[in-house]
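Structure, as structure tokens:
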Amino acid sequence: MTETVIWTVVALILVGVYLSWTAGRLDRLHTRIDAARAALDAQLLRRASVAQELATSGVLDPAASIVLYEAAHAARQAEEDHREVAESELSQALRAVFGEPEQVEVVRAAPGGEEAAGELAAAVRRVPMARRFHNDAVRAARALRRHRKVRWFRLAGHAPFPMAFEMDDEPPVALADRPV
């Protein structure tokens, strides 16, 4: 009788430790999602800011400036529900304006243009990486949250179900280091 009680207590302790470890792992994944989302937000804001600066610099032709400025402004001002669409529209505007290498050369030839084109190229390249890191963290958390033990014991607590950030982030060919 005593031996059965001891084994039962040991088994319960092991199950408790395992559940605690799983809850800690899930908490770390949620923290990783928050950090990746903050990095993604920073990269998106940087890309929109650089595009907006370039649009108001007077280097681009008026039509390209208006298209780029409006898309960058919309991306910066978009509410969370519409952010993915606004960011995708900025990507499309960047591809429309910088679809030809000649347009990038015009920007580079202007005073301060080399630096502006370099900043924009860096910002455009970093957005897909930041989005990929965020979506990878979301994928890992979703996989863990689908396990029965997490659902049955409610190890996720009140944390919202993580959502991926889906947008068109294909960079303009003229700004990319290598052809896409």
Side-chain angles (χ1 to χ4, degrees), residues 28-110 112-146 159-180:
R28 287 188 301 276
L29 283 172
H30 281 250
T31 302
R32 189 171 128 203
I33 289 171
D34 292 341
R37 181 57 189 243
L40 175 61
D41 287 342
Q43 292 304 323
L44 291 171
L45 181 62
R46 182 170 183 255
R47 180 181 76 153
S49 297
V50 170
Q52 211 168 14
E53 277 182 41
L54 195 57
T56 58
S57 68
V59 173
L60 301 173
D61 64 87
S65 292
I66 290 171
V67 167
L68 194 58
Y69 180 82
E70 286 180 357
H73 181 71
R76 289 184 71 176
Q77 300 298 319
E79 293 183 20
E80 197 59 37
D81 295 345
H82 304 291
R83 185 135 187 234
E84 293 172 347
V85 173
E87 294 293 346
S88 294
E89 288 172 354
L90 177 57
S91 295
Q92 292 167 0
L94 285 166
R95 281 197 306 273
V97 172
F98 295 106
E100 300 295 324
E102 293 82 29
Q103 185 66 34
V104 177
E105 293 307 318
V106 168
V107 171
R108 289 183 197 270
E114 186 70 37
E115 182 180 318
E119 275 187 60
L120 184 59
V124 163
R125 281 192 310 269
R126 287 183 180 139
V127 166
M129 288 187 291
R131 189 175 74 85
R132 195 168 323 132
F133 287 137
H134 174 265
N135 288 348
D136 286 347
V138 166
R139 199 172 302 114
R142 282 181 168 183
L144 185 58
R145 285 183 70 156
R146 284 191 195 108
F161 195 73
M163 300 301 290
F165 194 86
E166 297 300 332
M167 65 172 269
D168 173 10
D169 60 4
E170 184 180 333
V173 176
L175 290 176
D177 272 347
R178 56 191 182 280
V180 180

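Numbering of residues begins at 1 and proceeds along the displayed sequence.
- A heavy-atom distance below 4.5 Å is not found between the side chains of Arg125 and Leu175.
- Here the closest heavy-atom approach between residue Ala116 and residue Leu54 is recorded as CB-CD1, 3.9 Å.
- One distance of note links CE of Met167 with CD of Gln92; it measures 9.5 Å at 0.5 Å rounding.
- Under the 4.5 Å side-chain criterion, counting only non-hydrogen atoms from C-beta, Arg142 is in contact with Arg146.
- For Val97 against Gln103, the heavy-atom pair with the smallest separation is O-CG, 3.2 Å.
- Among residues two or more places apart in sequence or in another chain, the side chain to side chain donor-acceptor pair (under 3.5 Å) test is passed with Arg139 by Asp136.
- Annotation: side chain of Asp41 is in contact with side chain of Arg83 (closest heavy-atom distance under 4.5 Å).
- Ala164 and Val138 make their closest contact through N-CG1, 3.8 Å (heavy atoms, listed as atom of the first residue, atom of the second, distance).
- The side-chain heavy atoms of Phe98 and Val107, taken from C-beta on, include a pair separated by under 4.5 Å.
- Note that the CD atom of Glu87 and the CG atom of Leu44 stand 4.0 Å from one another [nearest 0.5 Å].
- Residues satisfying the salt bridge (charged side-chain N to carboxylate O under 4.0 Å, His left out) test with Asp34, not counting sequence neighbours, are none.
- Residues Ala75 and Ala48 share a closest heavy-atom pair of CB-CB, 4.4 Å.
- One distance of note links CG of Leu68 with CG of Leu120; it measures 7.5 Å at 0.5 Å rounding.
- Summarising the geometry, atom CZ belonging to Arg131 is positioned 9.0 Å from atom CD belonging to Glu84; distances are rounded to the nearest 0.5 Å.
- Between the CD1 atom of Ile33 and the CE atom of Met163 there is a distance of 11.0 Å, given to the nearest 0.5 Å.
- Asp168 contributes no side-chain N or O that, together with a main-chain N or O of Glu89, makes up a donor-acceptor pair within less than 3.5 Å.
- The minimum heavy-atom distance between Arg145 and Pro162, with the atom names listed, is NH1-CD, 3.6 Å.
- Ion pairing between a basic and an acidic side chain is recognised when a charged N comes within 4.0 Å of a carboxylate O; Arg132 and Asp169 show no such pairing.
- Expressed to the nearest 0.5 Å, how far CG of Leu90 lies from CZ of Arg95 amounts to 10.0 Å.
- Closest heavy-atom contact between Arg108 and Ala117: CG-CB, 3.9 Å.
- Among residue pairs with one or both ends in residues 63-80, those qualifying as salt bridge (charged side-chain N to carboxylate O under 4.0 Å, His left out) are Arg37-Glu80; sequence neighbours excluded.
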